[in-house]
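Quick caveat: nothing in here was measured; it's all calculated off a predicted structure. Atoms within a ligand are numbered from 1 in the order they appear, just like the ligands themselves.
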Amino acid sequence: MDKIVSLSKRRGFVFPSSEIYGGLGSSYDYGHYGVLLKNNVKGQWWRAMLQERDDIVALDSAIIQHPRTWEASGHLAGFTDPLVDCRTCKLRFRADHLGQSACGRKPSKHPGETPECDLTESRDFNLMFQTTVGPVKEEGSTVYLRPETAQGIFLNFKNYMQFSRKKPPFGIAQIGKSFRNEITTGNFIFRTREFEQMEMEFFVPPPEAGKWHQHWMSARMNWWTSLGLRPDHLRLRAHDDDELSHYSSATSDVEYLFPIGWSELEGIANRGDFDLTQHAKFSGQKLEYVDTATGDRYVPYVIEPAAGVDRAMLAFLVDAYDEDEIEGEQRTVLRLHPVLAPVKVAVLPLVRKDGQPELAAEVFRELRDHVQTEYDEGGAIGRRYRRQDEIGTPWAVTIDHQSLEDQTVTLRDRDSLKQVRVPIGELTDVIRGRLSEPWRSPKLDA
Ligand code: ATP
């Protein structure tokens, strides 16, 4: 994890937030390459949800919603973690995570392990961030930052029944920020208080819920592996009965083998009719599907695949991180799936003279119309390759003296390190062809 954190900072993927003020625990800012990588992850999710199917529609709902939302959803009463304080070291811990937490005093390793530890009774701590709307803090002005994007979808169910011409089975998908006042954070961007979620609520006729739950478990597993995550680092784990949320009759987690051990990447839940029924009760509105032909009406069941963007990005970084040796020199390389790589091609003139930069600039202008491309003419070529390897750029195009004679360039592959000569006129098609090829992590064959 330390290596990922340091590469992320060094190469402009992720910075600790508010660093000039000493940082703010568990807040991170995404730098240039982090933004590009995150956009690619989200783009692939939208693609799988919207472009490759015809039964899902998109939504972008508000972060601050009517406070009754959270009464209906159960978050106000039940979205809590058990919390204990230590009167000696003044730190705060999750009562159910004591074994994994580090005590503030030595030699105790975990809170409660030495006689000096003085832990309070555990009490429930609500994870929702509260704020107020309007200029005065008065009754009725309390609102919450959403702790999940899902509720915005249920609040809009009626709108979608009216405009979208969809009927169950169909889904509504959303990507957006969620906020949770997590007690124990840490582990880089794995658990933060502000994070992005990719959630899709799939509304189905109740008798079909089991079948669709199965469908989404396998569809989501395929999505993660198709983007390069090594299958032996990925597993689906069904929740035990005592782990299930109040709304869920069955949940399975997609788990990834992070450096901190197997941990949740995505939850795939059968939420039954809990949410629509609750919002119907609290709002007094009918939230159901009515078949206009037969007059049949029912409250659909909901299957929900819910993933975190930041956690996805961490999994992709961890899975891609590799070190090898080239001609006796150590190299760090991100073996990202090319469609996720922040930059697809680097255009590099071998030397900064003899017309090479000018020709390279032409090649750059042509390629950037099609894929995210970067131009770099500064420093030794080996150092420039190394820099691109560290940000995961799958291909580098080098313009040399021969390029000026025969209009060909070398195309270098990040993983195989093979270099081939390609006519400049064919470069775009070659790159686009490679981008659409299936890809498999070279770490699997190592
Ligand atoms: P955990 O058990 O890790 O707290 P959860 O079961 O509460 O997660 P869900 O409510 O199912 O999480 O949210 C769906 C997804 O959102 C998670 O699988 C995860 O990828 C992401 N997520 C949840 N909480 C956080 C967080 N604090 N920071 C980053 N991502 C998060």
Test of proximity, A307 against ligand 1: N or O pairs below 3.5 Å:
no

Can you confirm, on distance only, whether ligand 1 has an N/O atom lying under 3.5 Å from any N/O atom belonging to R191?
yes

Closer than 3.5 angstrom, by distance alone: can the side chain of D240 be matched with the main-chain N or O of D242 as a donor-acceptor pair?
no

May I ask you to check whether E182 has an N/O atom sitting below 3.5 Å from an N/O atom of ligand 1?
yes

Identify, by atom number and element, the atoms of ligand 1 in contact range of F190, meaning under 4.0 Å from any of its heavy atoms.
28 (N), 29 (C), 30 (N)

Does one side chain, of Q151 or H279, offer a donor that lies under 3.5 Å from an acceptor on the other?
yes

Checking the side chain of R11 only, and the main-chain atoms of Y33 only, is there a donor and an acceptor separated by less than 3.5 Å?
no

Does D322 reach the main-chain N or O of K443 with its side chain, forming a donor-acceptor pair under 3.5 Å?
no

Between E71 and R68, does any NZ, NE, NH1 or NH2 come within less than 4.0 Å of an OD or OE carboxylate oxygen?
yes

Could you establish whether E266 and ligand 1 come within less than 4.0 Å of each other, counting only heavy atoms on the residue side?
yes

Measure the distances from the heavy atoms of D310 to every atom of ligand 1 and state whether one is below 4.0 angstrom.
no

Identity and distance of the protein heavy atom lying nearest atom 8 (O) of ligand 1:
E264 OE1, 3.7 Å

To check your reading of the model: name the closest protein heavy atom to atom 15 (C) of ligand 1, its residue, and the distance in Å.
A306 O, 3.6 Å

Between D445 and R440, does at least one N-O distance fall below 4.0 Å, as a salt bridge requires?
yes

Please list the nearest protein heavy atom to atom 28 (N) of ligand 1 with its residue and the distance rounded to 0.1 Å.
T192 N, 3.0 Å

Give the intermediate values and the outcome of ring-ring contact (aromatic ring centres under 6.0 Å, His included) for residues Y298 and Y289.
CA-CA 6 Å; Y298 63 86; Y289 167 69; 5.5 Å; yes

Identify the protein heavy atom lying closest to atom 21 (C) of ligand 1, giving its residue, its atom name and the separation to 0.1 Å.
G308 CA, 3.7 Å

I'd like to check which ligand 1 atoms, numbered from 1 as shown, lie under 4.0 Å from a non-hydrogen atom of L265.
18 (O), 20 (O)

Please verify the inter-ring angle class for F188 with Y28; under 30° counts as parallel, over 60° as perpendicular, anything in between as tilted.
perpendicular

Would you tell me which option among Q197, R180, R94 has the nearest heavy-atom contact to atom 10 (O) of ligand 1?
R180

So, regarding F195 and ligand 1 (criterion: nitrogen or oxygen to nitrogen or oxygen, under 3.5 Å), is there a contact or not?
no

Could E323 and R331 be called an ion pair, given the rule that one side-chain N must be under 4.0 Å from one carboxylate O?
no

